[in-house]
Amino acid sequence: MIRFLDRSGLLSSWVRITIAVVGLGATFALAGTMIACAGNAQGDLMAVAAARGISPDDAVRALKSFVPPGGKDDYLLFASGGHSGQVFVVGLPSMRLLRMIAVFTPEPWQGYGYGSDWSEAALAGASPGKETIRWGDSHHPALSETDGDYDGRWLYINDRAHGRIAMVDLKDFRTKQILPVPNLQTSHGGVFITPDSKYVHISSMVPALKHWDPKVGASVTVDDHLNRYDEIYRGYSTFLKIDQETGRMVVEDSFQIELPPYTQDLADAGKGPSYGYAFINSYNSERATGGVNFGRPPLEAGASEYDFDFMHIINWQKAEEVIAAGKFDVVNGIRLISLETAVEESLIHLLPEPKSPHGVDVAPNGNYLTVSGKLDPHVTVYGFDKILAAIEAEDFEGTDDYGIPIIRFDAAVAGQVEVGAGPLHSQYDNEGYGYTSLFLESAVAKWSLGEPYHSGDAAWQLVDKLPVHYNIGHLATAHGDTMNPRGGYLVALNKWSIDRFTNVGPLLPQNFQLVDLSGETMDLLYDMPIGVGEPHYAQIVSADVVNPEQVYPLGTSAMTGERSPDAIDGGDQARIDHRPGVTEVWMTAIRSQYAPDVVPIKLGDHVIIHLTNIEQALDATHGFSIPGKNIMVSIDAGETITIEFEADTPGSFSFYCTEFCSALHLEMQGWLIVEEN
Ligand code: CUK
Ligand code: CUA
């Protein structure tokens, strides 16, 4: 208590001095609440600030993002890890890295991909026939939602490289499923979740060959690629049904809609009035093939010929009816609505959008759709009410080459705001403002939406701009993809950090910048280097929404969430079973011993070890590693894991616990004795 008083006293006195120095209104408000406190340590604070060369403004910023030792953060930011293949969990406002979650890439600390049954199961679905794929380019996280707001149950994230999608269970922060999406080769931005978590959506990026179509067949030639592109390639919009109990994606209950061979990109879900619709950007409506060495223009030139690209407006509720009516084929295990059927049934409309669009982001009220064209300094905001009216009135400007009606651009636009060079992605706050990242300008633009948020001259205005460092890609606001954004903070996800941190090599970290949205103007609070991957997108969720399990009930399999049939409850139940060709062990781990700890094995046996961590204390995780065998598992308190391997070398092999779990942690080891006969 005395320490606390000292601390506030110190703060208030120093803040008074700050006012004298800078006379900030905001600072005055802070001081007003504290001015009565007497302090005796302002000298210390001033001296520390002076000695460290910290300005009064920066000291205020430090206080805004500082979480004292033992304090908790208000928000969690879930960020993709790019080609590290992982997900990062960062606390806000402290910007401390709290967790990394292994998703597409094996990770030894979590025992992910080094022999444990649950992680091998997740990774096994990952690449049928291609078991060697052990990396991914994790890109766009989507937190599950209930009633249009994050509910803290699951997180989905796509692999841009391989067209896969993973599910992370937020009950234990573990990846439970990696699904290679049928018919996709790659996937970039097409991930979103419907406001009720009925579906998670993923679309193709580069169009994929219709190998399943006899007109295309298994093989393809350069001539096919250059001259039959329009015919042999297709894009796909995939609605993966989510099992509401487990969060797993169920392919048999899912469906796909065939799209023209444009390059489908970022996408978002309709909500509120636009519920039941999906919005998918695309580029390369020219269908440029590349092939400079074959006398074709380079892709970036070929794909920039037209003035507009197309947003796809997909009515997925109507698509559900088409599926129910049986108008689909099953292709590679998924129900597929052909492009012809989609056109006949009016499932898709196209909407011209500024050249080379990047983001499409639906505003909290579900009516506004913000699109940024990388080569246009404006954000273009469509009104969903206008889009619907135009569809109703058939206010079209013809069709594309595949017969899809194109809505007249002017009929759909609600507003445009000139924000600056290279706009990419947009997020929203709780006061009717949009925030758009400007890649070329390295800045964030804040601008106002129209009715019902702002009217008259206050609508569609650029109101503030903040430089960021540098080359911002995405940005995230608190609950920024939901119908209930919280405002307060924004995080800029910057690609370059040149000159921001001490140089640690030619490959520099990315830079997360925390921005305070609470004032009139945006204020940069903190730079956080990310030196373990390249985040693309992130979502920020209130920390109280995510409530992971404390400890597993004794004997739980993380794979099923239920008691493992091979769980045991104590060392007295530990046993070894020898039968021809197999050694099977039921083992326990507890601070600081394994039971059994000496395991005789016959050379050539298939070895199965069921290992239960019989602890029931939070954070009492044990490891189990067999050096030289590529086995490294991590067993949380209460968990049962199964490990299998071949005893193909005679000798004695020590196994040990890799987590420093107790004073006698180094003694937590044992022996596998592989006997020749
Ligand atoms: S993308 Cu990375 S900056 Cu691959 Cu969502 Cu826009
Ligand atoms: Cu268990 Cu160290």
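Whatever order the structure lists them in is the order used to number ligands and atoms, beginning at 1.
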Check your understanding: To the nearest 0.5 Å, how far apart are CZ in Phe192 and NE2 in His140?
Key -> 13.0 Å

Review point. Is there side-chain contact between Gln669 and Cys657, with at least one heavy-atom pair below 4.5 Å?
Key: no

Practice item. Report yes if the side chains of Phe104 and Trp135 come closer than 4.5 Å at any heavy-atom pair, otherwise no. Key: no

Review point. To the nearest 0.1 Å, how far is atom 4 (Cu) of ligand 1 from its closest protein heavy atom, and which atom is that?
Key: His188 NE2, 2.0 Å

Review point. How many angstroms lie between atom CZ of Phe655 and atom CD1 of Ile626, to the nearest 0.5 angstrom?
Key: 7.5 Å

Review point. Vertex atom 6 (Cu) of ligand 1: angle to NE2 of His425 and NE2 of His358, to 10°?
Key: 90°

Review point. Has the side chain of Ser138 got a donor or acceptor atom that lies under 3.5 Å from a matching backbone atom of Gly81?
Key: yes

Check your understanding: Listing residue and atom name, which protein N/O/S atoms are closer to atom 2 (Cu) of ligand 2 than 2.8 Å?
Key -> Cys657 SG, Glu659 O, Cys661 SG, His665 ND1

Review point. Can you tell me which residue and heavy atom of the protein come closest to atom 2 (Cu) of ligand 1, and the distance to 0.1 Å?
Key: His536 ND1, 2.2 Å

**Study point:** Ion pair Lys355/Asp307, N-O distance below 4.0 Å
**Key:** no

Exercise for review: For ligand 1, indicate whether the residue Arg160 contacts it via side chain, backbone, both or neither (heavy-atom separation under 4.0 Å).
Suggested key: neither

Point to revise | Which of the ligand 1 atoms, numbered from 1, are nearer than 4.0 Å to a heavy atom of Leu266 | key: 5 (Cu)

Practice item. Would you verify whether the NZ or CZ of Lys446 falls within 45 degrees of the ring axis of Tyr433 while also being under 6.0 Å from that six-membered ring's centre? Key: yes

Exercise for review: Indicate if the distance from atom 4 (Cu) of ligand 1 to the nearest N, O or S atom of His140 falls below 2.8 Å.
Suggested key: no

Check your understanding: Looking at OH of Tyr277 and CD1 of Ile314, how far apart are the two atoms once the value is rounded to the nearest 0.5 Å?
Key -> 11.5 Å

Check your understanding: For ligand 1, which atoms sit closer than 4.0 Å to a heavy atom of Lys495?
Key -> 2 (Cu), 3 (S)

Review point. Can any side-chain N or O of Arg287 pair as donor or acceptor with the backbone N or O of Ser285 at less than 3.5 Å?
Key: yes

